[in-house]
Amino acid sequence: MIDLKLLRDDPEALRASQRARGEDPGAVDALLAADERRREAVGRADTLRAEQRQLGKKIGQARGDERTELLAYGKELAAQVKAAEVAQSEADEALTAAQRALPNLVIDGVPAGGEDDYAVLEHVGTPREFDFPVRDHVELLESLGGLDSERGAKVAGARFYFLTGIGAQLQLALLTMAMNKAIAAGFTMMIPPVLVKPEIMEGTGFLGAHAAEVYRLRDDDLYLVGTSEVPLAGYHSGEILDLSAGPKRYAGWSTCFRREAGSYGKDTRGIIRVHQFDKIEMFSYCPPDDAEAEHQRLLGWEREMLAAVDVPYRVIDTAAGDLGASAARKFDCEGWVPSQGRYRELSSTSNCTTFQARRLNVRYRDGDGRNQVVATLNGTLATTRWIVAILENHQRPDGSVTVPAQLRPFLGQDVLTPV
RNA sequence: GGAGGCUUCGCCUAGUCUGGUCUAUGGCGCCGCACUGCUAAUGCGGUUUGGGGUCACCCCCCAUCCCGGGUUCAAAUCCCGGAGCCUCCGCCA
């Protein structure tokens with residue numbers, strides 16, 4: 001949700017942001033008009049309510065004819081107040097709707113345009129030259145006895161799978177390593193609910209353009225989360241935080257659920273695009289002035305994690321049109337996938353500035369003792385998909401796989417060999 | 001699944017039966033001032049949150065007693081619905 005003060009002070013910045021996202025700048029003017037109408041409606045209702053309050057006091061003291069007269073006027077006034085309140089709540093709803101329709105203001109420097117207009121910021125590591133036929137992650141995992149897609153489909157349908165034996169162990173080792181790093185960096189480990197209420201899902205901005213991605217349990221009016229960002233954002237909803245000791249940082253370990261509607265035919269093989277996977281997600285609450293610096297810190301921890309599994313990657317600055325509604329800027333780390341000869345997203349960190357926090361009403365007390373809306377940020381530390389990059393990049397001619405050195409203590413093996 | 005209790009401005013709490021000076025009481029905490037070698041103690045004053053007016057301050061207006069409806073000239077208070085927490089019973093990993 002966009003700050004109304006910012007809207008009034010600098011509507012042109014918002015129009016520019018809309019254009020960069022490829023969306024209608026007219027939505028800004030619609031919001032301005034709705035804001036003005038609401039202010040007028042509130043003013044009228046306030047005046048009438050003040051009059052009614054004064055009248056009420058008089059009636060309380062009046063007796064006889066005077067009282068009868070005042071009561072008659074009171075009835076009339078009550079009708080006017082009611083009408084004014086209806087008008088106010090309509091204007092309120094219209095404003096909220098217009099406000100929710102507008103995505104976050106993108107940060108200066110974010111490339112304009114759509115999915116393919118990202119800016120590559122950096123390449124780290126060099127893709128390995130293979131002098132033998134490269135196996136893809138499905139072949140590798142299956143021969144290691146780590147994946148059963150067929151039975152996944154039998155039990156739950158397409159895009160579901162069993163991680164079996166070493167596959168499951170590998171995921172547990174990877175996520176444990178990621179979580180240990182997060183804890184060492186000062187994050188509080190969290191195992192959150194993966195079912196959340198509508199207002200939490202709505203507050204994080206996932207029920208807008210991406211509503212079709214979200215599983216919904218109609219009988220219970222709950223949603224399955226696609227990332228622990230959702231419960232971690234909801235964790236402090238409605239609260240006033242003490243950030244005097246620095247940002248509040250949480251690392252969520254959760255299963256994530258995505259419908260993958262509209263992705264038929266994409267990545268149908270293996271575990272790249274699935275309905276259910278596990279993820280370690282970093283989440284920060286910090287003062288808005290510190291958000292861009294915090295964003296870089298989150299990116300830094302992602303890079304450490306990628307270095308730890310020794311996978312070549314590049315960092316991209318996602319274009320405005322490819323940002324979620326909540327994000328003001330997003331950096332993706334894309335790992336090299338040898339079988340595809342291209343980079344695929346392994347981690348993603350978004351700066352949501354005050355957009356989510358305003359919807360979820362998360363504030364902090366600043367140095368002057370005033371309550372201000374916080375900024376929220378999130379970033380991926382590891383997911384099931386990382387297994388793809390790890391196995392493919394470290395495969396050997398005989399189909400075995402070298403375990404990255406930092407992962408070995410968690411897995412208890414140096415080399416994975418086909419069964 | 002069933003029965004009952006509770007929810008008041010940071011925390012605790014009075015007020016709800018019997019609607020109106022409730023513009024919500026008191027304590028704790030916190031802030032300011034006074035007094036006192038310092039601290040403590042004591043005294044006095046202040047202290048919900050959000051929106052709007054105001055260049056800003058002072059101040060003024062509106063809303064806010066878990067949430068949403070209703071009754072009424074008027075609701076913390078009466079009625080209906082819902083949420084959360086707690087207790088007990090039943091059922092079940």
Side-chain angles (χ1 to χ4, degrees), chain A residues 1-11 31-100 191-203 216-223 231 234-245 248 255 285 288 354-374:
Chain A
M1 200 185 286
I2 286 297
D3 184 8
L4 290 176
K5 286 201 176 65
L6 179 114
L7 170 82
R8 293 169 197 153
D9 294 347
D10 193 0
L31 182 53
L32 274 169
D35 179 42
E36 186 55 36
R37 276 196 297 274
R38 192 197 71 114
R39 281 211 270 184
E40 283 168 12
V42 169
R44 274 193 296 274
D46 280 358
T47 308
L48 284 168
R49 276 189 290 245
E51 192 182 345
Q52 190 178 40
R53 176 194 284 267
Q54 294 308 318
L55 182 69
K57 278 185 188 170
K58 280 191 212 159
I59 291 176
Q61 293 159 354
R63 294 290 176 272
D65 287 351
E66 192 196 357
R67 187 182 170 94
T68 314
E69 226 170 90
L70 289 175
L71 280 175
Y73 178 55
K75 256 189 156 61
E76 193 183 308
L77 191 57
Q80 288 180 39
V81 169
K82 192 151 213 159
E85 284 181 340
V86 169
Q88 180 186 340
S89 68
E90 280 170 2
D92 251 334
E93 274 171 39
L95 175 66
T96 306
Q99 223 175 342
R100 290 195 185 277
I191 296 181
V194 294
L195 288 167
V196 298
K197 297 177 180 184
E199 64 265 30
I200 302 296
M201 191 56 89
E202 169 71 39
R216 178 177 171 199
L217 277 70
R218 282 196 169 72
D219 285 349
D220 298 284
D221 204 17
L222 291 169
Y223 292 91
Y235 187 67
H236 284 305
S237 61
E239 297 182 17
I240 296 171
L241 306 179
D242 179 5
L243 296 181
S244 57
K248 282 196 174 294
T255 301
Y285 295 87
T354 56
F355 188 88
Q356 285 179 337
R358 190 164 287 107
R359 290 171 162 222
L360 292 167
N361 191 23
V362 188
R363 292 168 296 170
Y364 77 107
R365 209 173 287 276
D366 69 13
D368 299 328
R370 266 193 269 272
N371 294 333
Q372 308 279 6
V373 177
V374 304

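Numbers restart at 1 for each chain; the letters A, B, ... are given by sequence-line order, proteins then strands. Just so you know, these numbers use all the heavy atoms, side chains as well, and skip hydrogens, waters and symmetry mates.
Distance check on atom P: B/G69 versus B/A76 gives 15 Å, rounded to whole Å. Comparing the same atom, P, in B/C58 and in B/G50 gives a spacing of 16 Å after rounding to whole Å. Nucleotides B/U25 and B/G46 are separated by 11 Å at their P atoms, to the nearest Å. Taking the C1' atom of each, B/U72 and B/C61 are spaced 24 Å apart, rounded to whole Å. For B/G45 and B/C88, the P atoms lie 47 Å apart once the distance is rounded to whole Å. Across B/C11 and B/C66, the matching P atoms stand 13 Å from one another, rounded to whole Å. Nucleotides B/C65 and B/A75 place their P atoms 11 Å apart, quoted to the nearest Å. Here, B/A14 and B/A74 have their C1' atoms 23 Å apart, quoted to the whole Å.
By the side chain to side chain donor-acceptor pair (under 3.5 Å) test, A/T255 is found to be paired with A/D278, residues two or more places apart in sequence or in another chain being considered. Every salt bridge (charged side-chain N to carboxylate O under 4.0 Å, His left out) that A/R358 has, sequence neighbours left out, goes to A/D3. Remark: A/Y364 pairs with no residue by the ring pair (Phe, Tyr, Trp, His ring centres under 6.0 Å) rule, at least two apart or across chains. Here A/A84 pairs with A/A45, A/L48 under the side chain to side chain contact (heavy atoms under 4.5 Å, CB included) rule; sequence neighbours left out. Considering only residues two or more places apart in sequence or on other chains, A/D10 meets the side chain to side chain donor-acceptor pair (under 3.5 Å) condition with none of them. Residues satisfying the side chain to side chain contact (heavy atoms under 4.5 Å, CB included) test with A/N371, not counting sequence neighbours, are A/I240, A/R363, A/R365. Listed by chain and number, the residues in a side chain to side chain donor-acceptor pair (under 3.5 Å) with A/S244 are A/D242 (sequence neighbours excluded).
Figure legend. B/C85 is base-paired to B/G5; pairs are counted as Watson-Crick or G-U wobble with both atom distances under 3.5 Å. Pairing of B/G68, defined by two Watson-Crick or G-U wobble distances under 3.5 Å, is identified with B/C80. The nucleotide B/C57 finds no pairing partner, because no Watson-Crick or G-U wobble arrangement with both distances shorter than 3.5 Å includes it. Base pairing analysis places B/A93 opposite nothing; no Watson-Crick or G-U wobble pair with both distances below 3.5 Å involves it. Under the Watson-Crick and G-U wobble criteria, each requiring two contacts below 3.5 Å, nucleotide B/U23 is left unpaired. For B/G29, the paired nucleotide is B/U47, the pair qualifying as Watson-Crick or G-U wobble because both relevant distances are below 3.5 Å.
Under a 3.5 Å cut-off, the side chain of A/Q99 and the backbone N or O of A/I2 do form a donor-acceptor pair.
The distance between atom CG of A/N361 and atom P of B/U64, rounded to the nearest whole Å, is 18 Å. As rounded to whole Å, 13 Å separates atom C1' of B/G10 from atom CG of A/D242.
Residues A/Y223 and A/M201 share a closest heavy-atom pair of CB-CE, 3.5 Å.
Within the structure, the side-chain hydrogen bond (donor to acceptor under 3.5 Å, both in side chains) test picks out the following pairs touching residues 74-85 of chain A (sequence neighbours left out): A/R49-A/E85.
Closest-nucleotide positions on RNA chain B for A/E51 and A/K57 were compared, and the one nearer the 5' end corresponds to A/K57.
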Could you list, one pair per line, each protein nitrogen or oxygen that sits under 3.5 Å from a nitrogen or oxygen of nucleotides 49-58 of chain B, together with the distance?
| from | atom 1 | to | atom 2 | distance (Å) |
| --- | --- | --- | --- | --- |
| B/G50 | OP1 | A/R363 | NH1 | 2.9 |
| B/G50 | OP1 | A/N371 | ND2 | 3.2 |
| B/G52 | OP1 | A/R8 | NH1 | 3.2 |
| B/G52 | OP1 | A/R8 | NH2 | 3.4 |
| B/G53 | OP1 | A/R39 | NH1 | 3.1 |

Between N or O atoms, less than 3.5 Å apart, protein on one side and nucleotides 65-75 of chain B on the other: list the pairs.
| from | atom 1 | to | atom 2 | distance (Å) |
| --- | --- | --- | --- | --- |
| B/U71 | OP2 | A/K82 | NZ | 3.4 |
| B/C73 | OP1 | A/K75 | NZ | 2.5 |
| B/C73 | OP2 | A/K75 | NZ | 3.4 |

May I have the list of side-chain donor-acceptor pairs in residues 33-42 of chain A shorter than 3.5 Å, sequence neighbours left out?
| from | atom 1 | to | atom 2 | distance (Å) |
| --- | --- | --- | --- | --- |
| A/D35 | OD1 | A/R8 | NH2 | 3.1 |
| A/D35 | OD2 | A/R8 | NE | 2.7 |
| A/D35 | OD2 | A/R8 | NH2 | 3.4 |
| A/R38 | NH1 | A/D92 | OD1 | 3.4 |

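The structure places OG1 of A/T354 at 11.5 Å from CG of A/L360, a figure rounded to the nearest 0.5 Å.
Within residues 195-203 of chain A, no residue places a heavy atom under 4.0 Å from RNA chain B.
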